[in-house]
Structures are given as C-alpha cells and as structure tokens.
2 protein chains.
Amino acid sequence: MSRPTQYDREEALQKAMLIFWKKGYHATSLKDLEKGLNMKPGSIYCAFSNKENLYLLALELYVGRSVTRFQAHMDQAASPLTGLAEYLRGFARNGANGGAPQVCMLTKTLVDVTSTAPEIAAQAKIHLKQIRQAFADGFARAKAAGELSEKADCAHLARRFQAAVTALRFELHLETDQTDIAALAEDLAQEIEALRSERPDIAHP
Amino acid sequence: MSRPTQYDREEALQKAMLIFWKKGYHATSLKDLEKGLNMKPGSIYCAFSNKENLYLLALELYVGRSVTRFQAHMDQAASPLTGLAEYLRGFARNGANGGAPQVCMLTKTLVDVTSTAPEIAAQAKIHLKQIRQAFADGFARAKAAGELSEKADCAHLARRFQAAVTALRFELHLETDQTDIAALAEDLAQEIEALRSERPDIAHP
DNA sequence: AAAGTTTATGAGCGATCACTCAATTAAAAA
DNA sequence: TTTTTAATTGAGTGATCGCTCATAAACTTT
C-alpha cells in the first residue's frame, strides 16, 4: 500500500475553505494556499488537481456545513416558524455563525467569478438552490404545523428568506455596528413571524 | 498649450467603470483596460496614475450616477413613500437600472477587496453611507409628508431599505427568473408601503 | 521655421501567477 | 533485505501581472 499521506485531507480542505472564503478565488494565490495548508505545490496538485477543483471542494464543504447547521438549528427550535425567525436573529448574536463574520461564501463566489470563471459560478448557483430548498423545507414544516396559511408559497418564502440572509450577512461583512445589525435582524425576523397564521388548524375549504 | 489629449477623459472613465463593474478589481487586468479604453499603458498611467486610483475614480462616477438617478426618481414620484416602494419595483422591471443587470458595484467592491485592498474597501464604505443617506432623506421626506409616523427612525429604515436593494440586485446578478424577481421586489415594496401611517396628520402628543 | 511643451507610444522591467516534473523519500509487500 | 508503489519535494516552466521610461509625435508660441 506504499507511503501514506502526511496531511489530513479533511483538515487541509477546511483550511483551504477558510482561506478562499476570506480572500476570494482570484485574490487567493497558490502561495497563500501553500503557506496556509503547509503543503508544497506538488502535494496540493497531487491531492486536489488544481486551484479550481480545490475551490469547488471547499465550496462543497462550506455548503454541507451550512445546511447541517441550519437543520440542527431547526430541529431544536420551539416551532418551525420560530426557528426560522430565530435563525435570522442568530446572525446578530454571536458575531456570526461559526465565528466567521463574513458574507456567505456562495454570495462572495458568485460576485467574484460570474464573469471570469463560469463553471465555478454555475456550481455556486446549484449550491444556493440546495440551501434555498432547505429553507423551503423549513417553511413547509411550518405550514404542516399550522403556523402558515395553507396558501403560503414555500418556494417564494424561501427566496425571500434567503434574500434576508444574504443582506444580513453582507452587513456582518461590513462590520456594521452590532446594534444596527441586531435591529435589522429583528426587523427581518418579525417579518417572518408576521406570517404566522391566525387560524392555525383550518383544513382546506 | 502643447499637444492636447486624444481621448475623452469622461468617456474613458465610464468605460473603465463598466469593465471594473463587470469583472471586479482583481480580475480586471491592465490589458483588459488597455483594450477597453483603447489606450496604451503609458497613457492610462499618465491620465489616472494607477489601477487603484482608476478604480476609485470609477467608483465615484458610479456612486454619483446612482444617487442622481435615485433622486431624479424620487422627484417625479407621486409621493415619497410611493417613490421608495416604486424604486424597489423598478429593479424588477427594466431588467435593471441603466441596463446593467448586476450587483451594486459597491457591494461587489466590498466583497472583492475588503481583505486585500483595504483603502478601496474603506472608500466603498463611505460611498455606501452616502447612498444610505440619500435613502434616509427619502424617508425623511415621507415623514414630512405625513406618510410615516413621527416616531419613525429614518436612519434605521434607510439601512433596511439598502439591505433590500442589495438583496434585489444580487438576485438580478444571479439572473433569477424575471417572475421570481418581480415577486421578491413586490414583497419588499409592500413592506415599505406597509409603513404608511394610518393617521397621516397627527402632530406630536 | 525653430523652440518649447505636453501627450502618446510600446518594448520591456521585475514580480508573481498557476502549475509541472524529475528526483527523492518513506512506507508496505515480497 | 530487496522490490514495489506512491507521496513529497522545490526549483523551475512560460505566461501574465502592474507598471516605467526613453523616444517619438503633435500641438502652441516665438
């Protein structure tokens, strides 16, 4: 079976993700990665093929974690709709989810590479859709729990929710005052809670 | 007075802005600019000092136009609050303001350069604040017209409005279906109109 | 025309880019 | 131990990066 790898692939990938997330695709050089991963160029290419592929893998890791975190949050929420609203408030609390006060990596990717690396952009759009689907599932749960009107359009609400998340995370990126972010998050959270159906248990006509 | 310049400075600057806006700061090379402006490297540096300075000038041009366009829109609106709501709907209509279906250049800048070109990021934040102030002025006009409660916090509303614009323009960037963008814009516009005070002419207690 | 002044030119600067590959090293298998 | 197999290395690839500067060109003034 020959010589085993010296690095931990998962660990290297996670480091790469953080570097890419912080600096962006174009601004991150192989030198940055060599230093950050503590790997020589040859090893990086042996392990991850090339910069673009490494970036795609980093994106995948990012999305997987995001979805997992969101679902974990929803599972421990008092109710689906409350969970969604709280998810927005959460951005204002800890300084950010996972300790990284930044734009969503997918947003950053799409802004960075849409006109220069279309394949990466296409993949990022797919990932955004995955996350939006997770949000839609959350709204569907709220509907099933009678918190939303039967007529509520979950896909539509999910897009709006994602827009709110995007905007909030962009404010985090700007390092806007904590107070102002909290106020914005509170506004957006209340918009979600305002969707709560007044008649929680009416079946269709 | 010696040899006159061959190029039109304003025109060159506008072209540079469009190139930077499309590709971003890092991804735009001097070659791109040489081609786009039809100027040789020496001339570009003679006219605009360096890439960073040219970018800052392009940003300034962008912001000036954005503010002007917003104010022109507000001046011809039926009422301030209606104008604000219509401004959001406007993004869904023409495919974008000025024919450029993209993220706001300031958003793009901040995502692109915050961790790699701090001076540009700092300037972009100042510009964002300028625009937010223009939005706040719009809300102040609405308040003066009795469309908003006396207690309304214009600065706070302006930040929320700007967040809505950011999110909407990001959707434009994604080339989301026209229908979905229109639905999102309509939602956001209605949130603005929902602020309309039911008692338009009550002075303070 | 000649002198003076400013702009335009583009080959080329050193630095850095993403990336390669022949040589070396380290482990498992024989 | 020897052989086999794969991982690691890092100097070096050509391309491109932002940028410079000596020279040529175009205009006004004398």
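Excluded from the calculations below are hydrogen atoms, water molecules and symmetry mates; all remaining heavy atoms, backbone and side chain alike, are included. Naming convention: chains lettered A, B, ... in sequence-line order (proteins, then strands); numbering from 1 in each chain.
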Task: Atom-pair distance (NZ on B/K23; P on D/dG18), nearest Å - done: 10 Å
Open item on the list: Quick check: B/F20 with B/Y62 (ring centres under 6.0 Å apart)?
Closed with: no
Open item on the list: Looking at B/D75 and B/R141, is any side-chain nitrogen of the basic one under 4.0 Å from a carboxylate oxygen of the acidic one?
Closed with: yes
Open item on the list: Between P on D/dA7 and CD1 on A/I44, what's the gap in Å once rounded to a whole number?
Closed with: 15 Å
- [ ] Report the distance from atom CG of A/N38 to atom C1' of D/dG10, rounded to the nearest whole Å.
- [x] 14 Å
TODO: Let me know the distance between CE of B/M39 and P of C/dG10, rounded to the nearest Å.
DONE: 13 Å
Open item on the list: Less than 3.5 Å apart, any donor N or O on the side chain of B/Y55 or B/T109 sitting next to an acceptor on the other?
Closed with: yes
Task: Nucleotide D/dA6, atom P - distance to CZ of A/R9 in whole Å - done: 17 Å
Task: A/D8 CG - D/dT8 P separation (whole Å) - done: 12 Å
Can you check nucleotides 18-21 of chain C for protein contacts, nitrogen or oxygen pairs under 3.5 Å, and list what you find?
unit_1 : atom_1 : unit_2 : atom_2 : d
C/dA18 : OP1    : A/T28  : O      : 3.1
C/dA18 : OP1    : A/K51  : NZ     : 2.8
C/dA18 : OP2    : A/L30  : N      : 2.7
C/dC19 : OP2    : A/Y45  : OH     : 2.7
C/dC19 : OP2    : A/K51  : N      : 3.1
C/dC19 : O5'    : A/Y45  : OH     : 3.1

Task: No-hydrogen, no-angle side-chain donor-acceptor test under 3.5 Å, B/H156 and A/D187 - done: yes
TODO: Determine whether the side chains of B/R65 and B/Q14 contain a donor N or O and an acceptor N or O closer than 3.5 Å.
DONE: yes
TODO: Examine A/F170 together with B/F170 and report whether their ring centres are nearer than 6.0 Å.
DONE: no
Open item on the list: Can you confirm whether the side chains of B/E119 and B/Q123 place a donor and an acceptor under 3.5 Å from each other?
Closed with: no
- [ ] Could you tell me the separation between the NZ atom of B/K40 and the P atom of C/dG12, rounded to a whole number of Å?
- [x] 16 Å
Task: Sidechain N-carboxylate O distance under 4.0 Å for A/E11, A/K15 - done: yes
Task: Gap between atoms CG and P, on A/L37 and D/dT8 respectively (whole Å) - done: 13 Å
Task: Main-chain N/O of A/L174 paired with B/K125 side-chain donor or acceptor, under 3.5 Å - done: yes
Task: DNA chain C contacts made by residues 113-122 of chain A, counting heavy atoms under 4.0 Å - done: none
